[in-house]
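Here is the structure we will look at.
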4 protein chains.
Amino acid sequence: MVSDKVARKMELKKARVLEAAIALFAENGYEATTMADIAKKAEVGFGTVATYFGSKEELFYTCVVQPFQPLIVELKDFNVSPTSYPKEIEAMIRKHIFLFNAQDVYLQLLVQVIGQYEKFPVIFAEINKQTNELQQRLIELIVNGQNEQQLSEGEPLIIAISYISLLFGLCLSSVGNFPKDMLEQFATRAIYLFGVK
Amino acid sequence: MVSDKVARKMELKKARVLEAAIALFAENGYEATTMADIAKKAEVGFGTVATYFGSKEELFYTCVVQPFQPLIVELKDFNVSPTSYPKEIEAMIRKHIFLFNAQDVYLQLLVQVIGQYEKFPVIFAEINKQTNELQQRLIELIVNGQNEQQLSEGEPLIIAISYISLLFGLCLSSVGNFPKDMLEQFATRAIYLFGVK
Amino acid sequence: MVSDKVARKMELKKARVLEAAIALFAENGYEATTMADIAKKAEVGFGTVATYFGSKEELFYTCVVQPFQPLIVELKDFNVSPTSYPKEIEAMIRKHIFLFNAQDVYLQLLVQVIGQYEKFPVIFAEINKQTNELQQRLIELIVNGQNEQQLSEGEPLIIAISYISLLFGLCLSSVGNFPKDMLEQFATRAIYLFGVK
Amino acid sequence: MVSDKVARKMELKKARVLEAAIALFAENGYEATTMADIAKKAEVGFGTVATYFGSKEELFYTCVVQPFQPLIVELKDFNVSPTSYPKEIEAMIRKHIFLFNAQDVYLQLLVQVIGQYEKFPVIFAEINKQTNELQQRLIELIVNGQNEQQLSEGEPLIIAISYISLLFGLCLSSVGNFPKDMLEQFATRAIYLFGVK
DNA sequence: CATGAATGAGCCTTCATTCAT
DNA sequence: AATGAATGAAGGCTCATTCAT
């Protein structure tokens, strides 16, 4: 019989461990991060980490996969047949860029997994599947925009990949994070990729 | 007194070790790659790796820094005040993209270092310095193009960063490498970032 | 929160490890003794040794320095202005020789450190400081004895060094340990060094 | 066919290697001294050391045993039935002490072997055999002196062991070596052990 | 003969995991 | 449930030895 109070405490601790783990995995990578480091940063005993998450591998899995769900939902949240394509695309890009910037620590981690997909095949597959859905949705948007003649010609797949690459590429470059006004400018510039007239 | 024959042989072995190391570091990351793995792949005794490169850390340094020099030289090899900016930029982008694609294994490694710059501060500083020079040269090109009114308005720094980010971002995406015709298309699309009229 | 029972158990194990380490270091020297040997002799996992003492170097330090404190206290425990100098000196020597004999394993270790002082500078400095205090105390005793004309002439420093050298020299010779009656005889003989009339 | 010139050169090199080895073994001990260190100090290629002396163990054996022969001969060179025992003993002790002091590096090495006899059983046996002969000769001297009533009573074995221990003990203490006048004083003091009247 | 490139056995150390409290 | 003492697998590195030149 576990009281709500205790359960609440547990959840808080678990969240603290997860946050610490994400930060350390992002900064140092999988192997260079020790369970003891994580426990210390989360201010729990290191046995506790094992109790909550099982093995280190499972913890890493959770670190990468769990925050990805809400993120991808946000990223996919745009209208694929808006009235004004330029306006919708601009809004989408701005949203994306600010999202990426807000989650920079997590994205540093994500970039590692993507950059070493052979090392994390299971996790990568999961990530990739979802990212492909985002890609599909982008293609849909582009195709519609081109059909409506609000966007200039160009292979939609190429545009979608280029755009996603630009987003992740900006993550790589964002040493010390960009100030807000620069983010705005990146957004404005990225629109060009879509062939907005 | 070392004969030329022996020296030649050594050079060959050294190159073989380096190639193996780059491939394994790129695929698995620094920690997950063992000296034994490298030696095995290079078909030498693992003591030999130590004899050639000292420590694992030094080997990694060499793996990242040594191939970077010729690469960055190639990347910086474009005319900053051409007659036709659109043509020069298109040629440059095509060159860049094909270079990146040809060196995909090495670039996977490079992306790791950039993505975890806190973990490899010395190497990153070296890389970053050179990359900044490339960025400066790009800015020069863009400023000139804008002055000549062959390129539309836009903050040159933002454009340069966006472009470099796109290049590295494409590296991240290039799982299993793109076919040649897709590379051409990426090049064509990337031009848009520069505001070519 | 560690229970007393656990803490007790740990102390016992720690003592067992230390004893094993002293014996093996004494017999084989620092480098020739492996952490695995020590763990095996102490009947613990070899990770445990590291948990308790950190590194091999720290363990060695503890092995040499920790038992030295009580020993030197005992060695310095004599009266520097007794009524009868011959009697006090005889008692002191007997005590010293029996102490050395009782701690023969530890002293074999100590002799190594002294004999290779360049190799163990920090430990040696610590040992040397204390030994010098013993030497000073011996000199005090001798000077007093000479002033009281109970001891014959002779440079006190020379006598003190000779005596200490004799003690350590006997350690070197004591292969398989001397029987008790021989120890008595050594004590009787060593008195001569002090110029007892 | 090896010319004398070449043979001479070899002998010189060999001697240089041996000297370097003794110095390094004495300072750092057997394991902590590497073949490469020795080769470097002797200014020869490290393959050469192996060519000359075979294995490291054989080299160590040579380092300890070879210089011992002439040393022990010198140490045993005293008259066991002199006219004046006090004079003979004084001369002997002075000779011994100056010999020990002159060969301090080698003796540091010797002390290691004696102090860790279990580790070097073969070498120790050899050393011990010869040292016992010295001890026997000392006993002979003492017995004769006592019979002639030039030396006071006392178990000759005890005296001999004490004296040899003192000699080796002084080696241990001689950090930075004693000045000549102190050596004289040690000699004068050591005479007391023999019960010179 | 003299050399040093090549090698792999063996060691210290780190660290994920287990389990008793 | 939470903890950390205990453990041993695994990796980097050192270094004696071998052997081709």
Side-chain angles (χ1 to χ4, degrees), chain A residues 2-3 6-7 9-10 13 31-39 44-59, chain B residues 1-7 9-10 13-14 17 31-39 43-59, chain C residues 1-7 9-10 13-14 17 31-39 44-59, chain D residues 1-3 6-7 9-10 13 31-39 44-59:
Chain A
V2 178
S3 75
V6 171
K9 235 181 186 171
M10 241 188 80
K13 253 190 193 175
E31 279 89 2
T33 302
T34 70
M35 296 293 267
D37 289 342
I38 296 169
V44 299
F46 75 84
T48 310
V49 178
T51 303
Y52 284 157
F53 295 94
S55 69
K56 186 184 183 183
E57 213 177 325
E58 288 173 79
L59 172 57
Chain B
M1 180 89 48
V2 178
S3 76
D4 280 3
K5 223 177 181 175
V6 171
K9 233 180 185 171
M10 267 184 65
K13 250 188 196 176
K14 213 169 166 178
V17 171
E31 277 92 0
T33 303
T34 71
M35 295 293 268
D37 289 341
I38 295 169
E43 291 177 309
V44 298
F46 71 83
T48 309
V49 179
T51 303
Y52 284 153
F53 296 95
S55 67
K56 188 185 182 184
E57 208 175 330
E58 287 174 78
L59 172 57
Chain C
M1 182 86 48
V2 179
S3 75
D4 280 4
K5 221 179 183 177
V6 171
K9 233 181 186 173
M10 266 185 66
K13 252 189 194 176
K14 212 169 167 177
V17 171
E31 277 91 1
T33 302
T34 70
M35 295 293 269
D37 289 341
I38 295 169
V44 299
F46 69 83
T48 309
V49 179
T51 302
Y52 284 154
F53 295 94
S55 66
K56 187 184 183 184
E57 209 176 329
E58 288 172 78
L59 172 57
Chain D
M1 178 87 49
V2 178
S3 76
V6 171
K9 236 180 184 170
M10 242 187 79
K13 255 189 192 175
E31 279 89 2
T33 302
T34 71
M35 296 294 268
D37 288 342
I38 295 168
V44 300
F46 77 84
T48 311
V49 179
T51 303
Y52 284 155
F53 295 94
S55 69
K56 187 184 182 184
E57 211 176 327
E58 288 172 78
L59 172 57

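All values below were derived from every heavy atom in this structure, side-chain atoms included, with hydrogens, water molecules and symmetry-related copies excluded. The sequence lines fix the lettering, A, B, ..., with proteins before strands; numbering per chain opens at 1. For clarity, every value in this text was computed on a predicted model and none was experimentally measured.
With distances taken from any side-chain atom of D/Lys13 to the nucleotides E/dT7, E/dA2, E/dT13, the minimum falls on E/dA2. Candidate nucleotides F/dA5, F/dT7, F/dT14 were compared by shortest atom distance to the side chain of B/Ala50, and F/dT14 ranks first. If you check E/dC12, F/dT7, E/dA6 against the side chain of C/Thr51, the one that comes closest is F/dT7. Counting only heavy atoms from C-beta on, B/Thr48 has its side chain closest to E/dT7 among F/dA6, F/dT17, E/dT7.
E/dT7: Watson-Crick or G-U partner is F/dA16, with both key distances under 3.5 Å. Pairing for E/dT21 is with F/dA2, a Watson-Crick or G-U wobble pair whose two hydrogen-bonding atom distances lie under 3.5 Å.
Remark: C1' of F/dC13 and CG of B/Leu59 are 14 Å apart, rounded to the nearest angstrom. Remark: C1' of E/dA6 and CD of B/Glu43 are 15 Å apart, rounded to the nearest angstrom. As rounded to whole Å, 8 Å separates atom P of E/dA16 from atom CD1 of A/Ile38. Rounded to an integer number of Å, the gap from C/Lys56 NZ to E/dT13 P is 8 Å. When rounded to the nearest whole Å, the span between CD of D/Glu58 and P of F/dA16 equals 14 Å. Between A/Met35 atom CE and F/dA5 atom P there is a gap of 17 Å when expressed in whole angstrom units. Distance B/Asp37 CG to F/dA10 P: 13 Å, rounded to the nearest Å.
Remark on DNA chain E: of its neighbouring residues D/Phe46 and A/Ser55, the 5'-side contact belongs to D/Phe46, judged by nearest-heavy-atom nucleotide. Residue-to-nucleotide proximity on DNA chain E shows that, of C/Glu31 and D/Val49, the 5′-proximal contact is made by D/Val49.
Using a 4.0 Å heavy-atom criterion, one finds that C/Lys9 contacts no nucleic acid atom at all. The residue C/Gly45 sits close only to the backbone: its heavy atoms come under 4.0 Å of sugar-phosphate atoms, none of a base. B/Tyr52 comes within contact range of the sugar-phosphate backbone alone, with a heavy-atom separation under 4.0 Å but no base atom that close. Using a 4.0 Å heavy-atom cutoff across all strands shown, A/Thr34 reaches sugar-phosphate atoms only and no base atom.
In terms of heavy atoms, A/Ala39 sits closest to A/Val49 at CB-CG2, 3.8 Å. Closest heavy-atom contact between D/Glu31 and C/Ala32: OE2-CB, 3.1 Å. Listed here is the closest heavy atom pair of C/Lys56 and C/Thr33: NZ-O, 2.8 Å.
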| Could you walk me through whether C/Thr48 and C/Val17 pass the side chain to side chain contact (heavy atoms under 4.5 Å, CB included) check? | CA-CA 9 Å; C/Thr48 309; C/Val17 171; 5.7 Å; no
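From C/Phe53, atom CZ reaches atom NZ of C/Lys14 across 5.5 Å, with rounding to the nearest 0.5 Å.
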